Amino acid sequence: MFEPEKFIERQVDEVKETIGDEKAVIATSGGVDSTVCAVLTYRAIGDRAVIVFIDDGLMREGEAEQVTNFFKALNMNTRLVDAATEFFDALKGITEPEEKRKAFRNTFYSVLGRVVREENAKYLVQGTIAADILETVKGIKTQHNILEQIGIDPESYGLTIVEPLREIYKHEVREVARSVDLPAEFSERPPFPGPGLATRTLGEVTPERVEIERRATTIVEEETSDIESFQSMAVLMNDKATGIREGKRAYGYIIVVRLVKSKDAITAEAVNVPWEVLKRIDKRITTEIPEVVHVLYSLTDKPPATIEFQ
Ligand code: XMP
């Protein structure tokens, strides 16, 4: 049986030993994995841990402020890096999912490499978990935070990486999170992919399209907050559909709503969402986001679908 207290003790010791008297940057997104890493590293090396949130322009509404304010309130050494333009430049014109991940990964690690140098840090601590490695090795998706397994040497970005959670799964990470007293908004936070809304914006990832995706995401999350799920999302399709606006033909965007139940993200089941909730989501999206003329619900389990569309 997994024992969170023992795990914490072991990992804090190990991080302390690895990092010694050096400084470390912890790349955090507010997700449970990276937040737990930040807390463990802070316990291990105190102020020599620099918590870095990269604003890639692909996060949900208000996420950058919410996450950095949380760490600041705990008096942790916290830095918000605005790199949205760099990410959008790197993603320009790319539509193929794995190419997007590659562009995202490259930008992510170059920005982090720069921050690590600026901070005079020797290590980068990141919240890779066992499922990330497994899915990448199986050839399903190259998770953005996996380097070695796809043949990239972290040193090429000037980074030495420490991954305290690489042997445990999401439900175990949550046990650790509760054990270190993280508030529920972090310990129970639904997973959100590293490349953020880029994963849910099919086709080209432009600031305008991501903004539509972000607004739809807020509506879906608000309307489904009472429904039990592993993840709840809006996805912006690449195609457009014919719709009607002000009595005239209008080609508009299509949004897919997807809710899944899962334990470890390896398999998942589409949630049976009440029709009234779906209709409320549909009404809000097509009213509050006039560029969208069609809303769909995704029925397929994983496998054969994956949780994200790309
Ligand atoms: P899939 O879509 O492969 O997702 O069924 C499994 C879990 O992983 C998340 N996901 C990602 N997380 N970087 C991440 O950090 C990624 O590139 C990525 N792609 C998918 C997804 O949200 C789900 O929880």
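Note that ligands are numbered from 1 as they come in the structure, with each ligand's atoms numbered from 1 the same way. What you see is a predicted model, and the numbers here were worked out from it, not measured in a lab. Numbers for residues simply follow the sequence, beginning at 1. Side-chain atoms are counted along with the backbone in the values below, which use heavy atoms only and exclude waters and symmetry mates.
The salt bridge (charged side-chain N to carboxylate O under 4.0 Å, His left out) contacts involving residues 16-37 comprise Lys23-Glu119, Asp33-Lys170, where partners must be two or more places apart or lie in separate chains.
Each of the atoms 24 (O) of ligand 1 lies under 4.0 Å from some heavy atom of Pro191. Of all atoms in ligand 1, numbered sequentially from 1 with element shown, those under 4.0 Å from a heavy atom of Lys302 are 1 (P), 3 (O), 5 (O), 6 (C). Per-residue contacts place Pro195 under 4.0 angstrom from the following atoms of ligand 1 (heavy atoms of the residue considered): 13 (N), 16 (C), 17 (O).
For atom 7 (C) of ligand 1, the closest non-hydrogen atom of the protein is Ala265 CB, 3.8 Å. Of the protein's non-hydrogen atoms, Gln143 OE1, 3.1 Å is the one closest to atom 11 (C) of ligand 1. The protein heavy-atom contact nearest to atom 24 (O) of ligand 1 is Gln231 OE1, 2.8 Å. Remark: minimum distance from atom 13 (N) of ligand 1 to any protein heavy atom is reached at His144 ND1, 3.1 Å. Protein heavy atom closest to atom 15 (O) of ligand 1, with residue, atom name and distance, is Gly194 N, 3.0 Å. Among protein heavy atoms, atom 4 (O) of ligand 1 sits closest to Ile307 CB, 4.0 Å. With respect to atom 17 (O) of ligand 1, the closest heavy atom belonging to the protein is Arg101 NE, 2.8 Å. Among all non-hydrogen protein atoms, the one lying nearest atom 1 (P) of ligand 1 is Lys141 NZ, 3.4 Å.
Under a cutoff of 6.0 Å and an axis angle of 45°, Arg101 and Phe104 do not form a cation-pi pair.
Between Phe53 and Met59 there is a side-chain heavy-atom pair separated by less than 4.5 Å. Looking at heavy atoms from C-beta onward, Tyr157 lies in side-chain contact with Ile152 at the 4.5 angstrom threshold. The shortest side-chain heavy-atom distance between Phe7 and Glu175 does not fall under the 4.5 Å cut-off.
Residues Ile307 and Val260 share a closest heavy-atom pair of CG2-CG2, 3.8 Å.
Checking side-chain atoms of Arg245 against main-chain N and O of Glu291 turns up no donor-acceptor pair under 3.5 Å.
Comparing heavy-atom distances from atom 20 (C) of ligand 1 across Gln310, Arg200, Glu308 singles out Glu308 as nearest.
For the side-chain contact (heavy atoms from CB on, under 4.5 Å) test with Thr41, the passing option among Val50, Ile26, Ile51 is Ile26; the others fail.
Atom OH of Tyr169 is separated from atom CZ of Arg174 by 15.5 Å, given to the nearest 0.5 angstrom.
For Thr199, no nitrogen or oxygen atom sits less than 3.5 Å from a nitrogen or oxygen atom of ligand 1, counting backbone and side chain alike. Residue contacts with ligand 1: Phe192 is placed with no nitrogen or oxygen under 3.5 Å of a nitrogen or oxygen of the ligand (distance criterion only).
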